[in-house]
Amino acid sequence: MTDFNLSAGAHRRRMHGRWLIPFLSRLITLSGVVLLVGLLPWLSGRDPALSILRARAGEQNPTQEALDAIRMQLGLDLGPVEKLSTWVTGLLHGDAGNSWISGAPVLPGMLQATQVSLTLMLAALLVAVVTAVLICLPTMRRGLAGNPTSTSGAVGATLTALPEFLLASLLLVVFAAWLKWFPPYGWGEPRHLVLPALALGLPGGGLIGRLFSDALTVAFSERWLATWHVAGFERRRIVLAVLQRTLPSLMPQVGLVVIGLTGGAIAVEQVFSIPGLGRATLGAASAQDLPALQAGILILLLIAVVLGAAINLGRSALLGPALRTGAIPVAAHARHAGRGRWVVPVGAVVILAVIILAGLGRDPMASAYLRLQPPSLALPLGADGTGRDILARVSHGALSTMGMALVTVFITFVIGVLIGLMPRLAAGPIEITNATPPVIAGLIVAGVMGPSASGAVIAVTAVTWAPLAAHTAALVTEVMGQAHIRITPILGVGSFRLLIRYLIPSVIGPVFRHAMLRLPGTALALASLGFLGLGPRPPAPEWGLLLSESMPYLERAPWAVLLPALALVLMSVLAVSLSSMWRRTE
């Protein structure tokens, strides 16, 4: 009886640990972020009173008396601790403060903007799901036919490589300006939702579809499928079983993509003039309207925590007793599709090499041509808005774009794997970090250390390790639920050997492929920070920066946009194709 009581007590302690540690992780991380947001006026090193004075009365001289009056009015003379205490107390009473620019309460406007963003996110999620299903259908058919071979993933990689602002602008020009099928701007009618939802949902759908396609290929290669086929199970039951096997490890990624839609919506909301949360938060950051910025960030964090908890509950429900009893099957390794798998990466390498080599001998900085001069024999890809050679700028920008992106991806890969090896402790940092758009992180980093390329790398790294850590944590949880892992302590296997021999080899390949899939998005995030003055500055020949600079001329000079976009797409296809080939064989 005593042994039973001890066993029951140990079981209760384990169960409490399963929910208590993640809860404390989320609480501590959220508290740390709230503290960081509350102390922004003092961390930025800038005088918000001066910015507010210029916003309210641009021609007024910034006298000391005027600045002191603004500081007293806004409570900036209280000091960081007292001001933080006042702000937190107001939050607990439902008061997020008043705008430093307009003087109106910020919470009602931010909540209204949140409703708009959530509507856009739901529509974009529907687009993403449909896109992912279409990408996965060929994999499903091959698996049911007994040929679960991996693919290059060119379609998913191409969709993932399309920047939201580029896709939004293309849709705006084609379907609103040229064909006039949809309105170019505005909000309030269903037709206003179509183009923004496509622009926001297609890249996320490409990412989800590529990840699910890889996971389905592995699931169809597992030994239990052969037993089911011999036993004569119906195709419908096999499909449902494979989905139940595949969904748990990828549900965190789906959740992070959903959360990431909020950050990605900033560009889409700006292009289509949608009054959403992302646009409002970015506008508040640009205007140094700190109360509005604080409210926007906290709402983003709240969305992240709620969605993260819902995803974790759904994943636990799908795994069911298999996780508790150690009955999760061991993942198999998919077979490759033969020599044809080299066609896509070799083609991408050849095209990229041609583009880069063709422009290396040309000057990327000289404005030696007419503005927006069309392509010709002397100028193969035309000139940009200041008369510079587009081919030369794309060619010379390859080193900058690929170099910074590769460094960032490598750092995030290492951080993601290390943090993801602690699934319960990592729950809070993963969910909350992913809810912070790179633009907001860039503003904070630039405010502390000034705009620079290294600052942009730090800002993007600070928020993009979360998806890789979530993927690692999900894989670790499943590996720890497998029968041969559950008995390793009985066999005398120590924690270090378990980590080196079983856990790291099980996660390193899938997470590396995931990191490579995020390479183009990382490059674009770095470039967008440079265009905003938070990273590499013009006239640097950087691919994403070239896209941003050419967007105003998209309708008149499409050649200025097409080549940088093609370079990013090719880079993504090459990275995903090569990483998909790096699989461990049994």
Grab the two heavy atoms, one from T522 and one from A405, that are nearest each other, plus how far apart they are. CG2-O, 4.2 Å
Spatial distance of atom CG (L120) from atom CG (L125) [nearest 0.5 Å]: 11.0 Å
Among residues at least two apart in sequence or on other chains, which ones pass side chain to side chain donor-acceptor pair (under 3.5 Å) with T386? D384, R388
Separation between CD1 of I390 and CG of L381, rounded to the nearest 0.5 Å: 7.0 Å
Shortest non-hydrogen contact between P138 and L134, atoms and distance: CD-O, 3.4 Å
Minimum heavy-atom distance L172-P184, with the two atoms named: CD1-O, 3.3 Å
Backbone N/O of L468 and side chain of T472: donor-acceptor pair under 3.5 Å: yes
Of all heavy-atom pairs between E269 and S117, which one has the smallest distance, and what is that distance? OE2-OG, 2.9 Å
Where A292 and M110 come nearest, the two heavy atoms and their spacing: O-CE, 3.1 Å
Please examine the side chains of R210 and I135, heavy atoms only from C-beta on, and report whether any two atoms are closer than 4.5 Å. no
Expected output: side-chain W178 to main-chain F175 donor-acceptor under 3.5 Å: no
Any side-chain heavy-atom pair of V174 and L179 under 4.5 Å: yes
Run T119 and W187 through side-chain contact (heavy atoms from CB on, under 4.5 Å) and show every step you take. CA-CA 11 Å; T119 302; W187 186 258; 4.1 Å; yes
Working to the nearest 0.5 Å, report the span between CZ of R141 and CZ of F220. 11.5 Å
Sub-4.5 Å side-chain heavy-atom contact between L240 and R236: yes
First locate atom OG1 of T246, then atom CG of L216, and finally report the distance between them rounded to the nearest 0.5 Å. 4.5 Å
Enter the distance from L243:CG to I238:CD1 here, rounded to the nearest 0.5 Å. 12.0 Å
Any side-chain heavy-atom pair from L111 and I299 closer than 4.5 angstrom? yes
Just one of I419, I411, V409 clears the side chain to side chain contact (heavy atoms under 4.5 Å, CB included) bar with W465, so which one? I419
Value rounded to 0.5 Å, distance of CD1 in I274 from NE2 in H192: 9.5 Å
Which residues pass the ring-ring contact (aromatic ring centres under 6.0 Å, His included) test with F182, not counting sequence neighbours? none
Of the non-hydrogen atoms in P203 and L167, which two are nearest, and what is the gap between them? CD-CD2, 4.0 Å
